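Counting from 1, the numbers follow the sequence of the chain as shown. What you see is a predicted model; the values in this text were computed from it and never measured.
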Amino acid sequence: MEPEPKRPKLSEEDDGSSAVTSTCSEATSTEATGCVVARADSASDAQPAASEAAPAAAAAGGSGAAEKEADGGGDGEEKGEKVRRRKVALLLAYSGAHYMGMQRNAPYTTIESKLFTALCKSGCIDQEDVEDSGRMRFQRASRTDKGVSAVHQVVSFKCRMHENAIEKINEHLPDDIRTFALRRTTAGFNCYTQSTGRAYEYVMPTFALAPSLSKSVRAYRVDAERIELVNRLLHKYVGTRNFHNFTSGKQASDPSCKRVMRAFAVKGEQFVDDNMEFVILRVVGQSFMLHQIRKMIGLVLAVMKGSCAETCIEQSWKDERMDIPKAPGLGLLLDEVYFKGYDSRYGRDGIHEPLVWDEYQTEIEVFKRQHIVQTIIEEEKKTNGMMKWLHTLPLHEYNKFSGHKVGAREDATAAAAAARTAADVAAAETGDEVKPAVASAESSVKSSTESSVKSSTEDAAPTVTQSDTPTEVKVASS
């Protein structure tokens, strides 16, 4: 298996952690006092390690570098410890609605801050590991951002594999974070660098697909024509593209901006909850940059709403900088992480198991429905986040790179923003007509935007090499 190329330092909600260690310590006094430190008095843990290490030592005369990689022990035995620590992969799911992202970020509450405390209290790791995650070689497959959830998140680290470890860990976790399986891996396993792909889903109200802001009401029901349109727009992303406009702090010349998208489409059928219809988008890619998925969706929704022309999608892959809106983070969730290379090499070697989780799928789907999807729906109804965000779309200068004069457009945008009062938003949510001044201002913004985009892009067809031409990939509905 060829080594995977070096990852960028910043990656999506998801893939954003290239640093092995975390500099933020979030061990409060309450957490610290609850930690359990398991030592040599745990004979049940020490005995299996000794029984497995003896044959390897006899065969290799005590050196055994290859045996270290095979049995997952390696440098897992810390000096001064009589209980060997093994490299493992932990499968977990969580609702990110009430957390400041996955990665520890003191003094905020994050998924990792809760997870580390539970691992410590269950006896899997020490307090020193909580304070310095590099000590246990901790890594996450995907660094989800604020508000983003995960269904099949995987983290790798060195720990003591106690009996009933999952039950003990879950005892110390809140209801919106749950672990499902702990699998032993090779000593060199890194869930971030050895992932071969990730799949994300985005849950949102279907009124986001309505043809105009005036029709973006809770009672809206999307039709087959609009679904066909959004699928066609999403498919434009499939293939190898330069996504420098879909993240921050990167230039078009940066090689790390070229990412491979394998599929992007509507998943399954729409569903209704309390008279509001929802739809799920699913994207599968090799890796993602910071904010990339949310901006990909944001640009498509802007096209659907008429805030920019369809040609803006192709233009976004060119060198010029564009202003692309970022969709709300609430509806985004990490659905799957793939380890095909690792599984084919080590998954059935007699020592390790493949990193697939079919036997836990029923339990995971229940958690996803009750704690993730339902939370997204309830938060959307309570905050009107998508509705409010849609009304910011005319404020973006999608094709700023073209050098066109935007004075008239800015005036129209200001008029739209001024006319769109809280009362207008409430009227739109209940299905009432918006005020004529608002509709007129938004129409002016749309006309100005489409005119300027057309003048700057009508002769600029996107350049796609034969190797970059995407192959149709159908996204499963299950």
Side-chain angles (χ1 to χ4, degrees), residues 95-97 147-151 199-238 261 263-284 293-294 296-307 310 313 325 327-336 361 364-391 393 425 428-431 472-478:
S95 170
V148 179
S149 303
V151 180
Y200 277 82
E201 293 181 358
Y202 193 79
V203 183
M204 65 179 183
T206 57
F207 63 65
L209 305 179
S212 65
L213 289 172
S214 62
K215 293 184 179 180
S216 296
V217 295
R218 290 194 176 196
Y220 178 81
R221 296 294 181 266
V222 69
D223 56 27
E225 183 179 352
R226 299 298 290 179
I227 292 294
E228 182 180 353
L229 173 59
V230 72
N231 275 332
R232 181 171 62 80
L233 295 176
L234 292 172
H235 187 69
K236 289 179 178 288
Y237 291 118
V238 176
M261 300 298 109
F264 206 167
V266 172
K267 174 187 175 182
E269 299 294 328
Q270 301 80 256
F271 61 94
V272 177
D273 187 284
D274 191 22
N275 199 37
M276 185 184 292
E277 188 179 55
F278 288 84
V279 66
I280 299 177
L281 310 181
R282 180 177 173 86
V283 57
V284 181
I293 297 175
R294 292 165 63 187
M296 291 164 71
I297 295 172
L299 184 55
V300 165
L301 294 184
V303 174
M304 298 284 290
K305 282 287 181 286
S307 293
E310 184 176 329
I313 298 179
L330 175 65
L332 187 62
L333 62 97
L334 172 66
D335 190 57
E336 289 189 70
Q361 201 56 39
I364 292 172
E365 284 299 323
V366 171
F367 182 89
K368 177 182 179 181
R369 183 173 61 255
Q370 294 180 350
H371 293 278
I372 298 180
V373 176
Q374 194 59 39
T375 299
I376 291 172
I377 293 173
E378 291 173 358
E379 287 293 314
E380 175 59 38
K381 291 178 180 178
K382 182 171 65 176
T383 64
N384 293 320
M386 178 59 74
M387 182 77 70
K388 295 174 182 176
W389 176 81
L390 289 172
H391 286 92
L393 291 178
V425 174
E429 292 169 358
T430 58
E472 181 75 29
V473 181
K474 185 177 182 181
V475 178
S477 60
S478 60

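- Side-chain contact check for Met204 versus Leu330: every heavy-atom pair is 4.5 Å or farther apart.
- In this structure Glu336 satisfies the salt bridge (charged side-chain N to carboxylate O under 4.0 Å, His left out) test together with Arg282, sequence neighbours excluded.
- Looking at every heavy atom in both residues, Leu393 comes nearest to Ala302 through CD1-CA, 4.0 Å.
- Applying the side-chain hydrogen bond (donor to acceptor under 3.5 Å, both in side chains) criterion to Thr383, with sequence neighbours excluded, gives no partner residue.
- Val230 pairs in a side chain to side chain contact (heavy atoms under 4.5 Å, CB included) with only one of the listed residues (Val222, Ile297, Val300, Val279), which is Val300.
- Nearest heavy-atom pair, Arg294 versus Ala327, reported as atom, atom and distance to 0.1 Å: NE-O, 2.8 Å.
- Glu277 meets the side-chain hydrogen bond (donor to acceptor under 3.5 Å, both in side chains) test with Thr206; sequence neighbours excluded.
- Counted within 6.0 Å of CD on Glu228, heavy atoms from surrounding residues, nucleotides or ligands total 12 or fewer; the atom is thus considered open.
- By the ring pair (Phe, Tyr, Trp, His ring centres under 6.0 Å) test, Phe278 is found to be paired with Phe271, residues two or more places apart in sequence or in another chain being considered.
- In this structure, the separation between CD1 on Ile376 and OG on Ser149 is 5.0 Å, given to the nearest 0.5 Å.
- The backbone N or O of Met261 sits nowhere less than 3.5 Å from a side-chain atom of Tyr237 that would complete a donor-acceptor pair.
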I'd like to know whether Lys236 forms a side chain to side chain contact (heavy atoms under 4.5 Å, CB included) with Phe264, so could you lay out the CA-CA distance, the side-chain angles of the two residues, the decisive distance to 0.1 Å, and finally the verdict. CA-CA 9 Å; Lys236 289 179 178 288; Phe264 206 167; over 6 Å; no

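- Qualifying side-chain hydrogen bond (donor to acceptor under 3.5 Å, both in side chains) partners for Asn275, counting only residues two or more places apart in sequence or in other chains: Arg221.
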Under the side-chain hydrogen bond (donor to acceptor under 3.5 Å, both in side chains) rule, what do Asn231 and Arg226 come out as? Steps first, then yes or no, please. CA-CA 9 Å; Asn231 275 332; Arg226 299 298 290 179; over 6 Å; no

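- For the atom pair CG of Asp274 and CD1 of Ile377, the computed distance is 9.5 Å after rounding to the nearest 0.5 Å.
- Using a 4.5 Å cut-off on side-chain heavy atoms (C-beta onward), Leu333 and Val151 make contact.
- Side chain of Lys305 to backbone of Leu390: no donor-acceptor contact under 3.5 angstrom is found.
- To the nearest 0.5 Å, the span separating CD1 on Ile313 from CG on Leu233 amounts to 4.5 Å.
- Of all the heavy atoms in Ser216 and Ala210, the pair that sits closest is OG-CB, 4.0 Å.
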Does the pair Phe207 and Met387 meet the rule for a side chain to side chain contact (heavy atoms under 4.5 Å, CB included), with working shown? CA-CA 8 Å; Phe207 63 65; Met387 182 77 70; 3.8 Å; yes

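- Across every non-hydrogen atom of Tyr202 and Pro328, the tightest pair is OH-O, 2.7 Å.
- Between Gln270 and Ile280, every side-chain heavy-atom pair lies at or beyond the 4.5 Å cut-off.
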For Arg218 and Asn384, run side chain to side chain contact (heavy atoms under 4.5 Å, CB included): C-alpha distance rounded to whole Å, both residues' side-chain angles, the deciding distance at 0.1 Å, then the answer. CA-CA 10 Å; Arg218 290 194 176 196; Asn384 293 320; 2.6 Å; yes

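- Across Val284 and Ala199, no two heavy atoms sit closer than the pair CG2-CB, 4.0 Å.
- The CG atom of Leu229 sits 4.5 Å away from the CE atom of Met304 when rounded to the nearest 0.5 Å.
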Between side-chain atoms of residues 367-375 and protein atoms elsewhere (two or more places apart, or another chain), which donor-acceptor pairs fall under 3.5 Å?
residue	atom	partner	partner atom	Å
Lys368	NZ	Glu201	OE1	3.0
Lys368	NZ	Asp335	OD1	3.3
Thr375	OG1	His371	O	2.8

Would you sort out whether Val203 and Leu281 count as a side chain to side chain contact (heavy atoms under 4.5 Å, CB included), showing the intermediate values? CA-CA 7 Å; Val203 183; Leu281 310 181; over 6 Å; no

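- Nearest heavy atom pair, residue Glu310 against residue Val303, reads CA-CG1, 3.9 Å.
- The OG atom of Ser307 sits 6.0 Å away from the CG atom of Leu213 when rounded to the nearest 0.5 Å.
- Contacts of Asp273 classified as side-chain hydrogen bond (donor to acceptor under 3.5 Å, both in side chains), with partners at least two apart in sequence or in another chain: Lys381.
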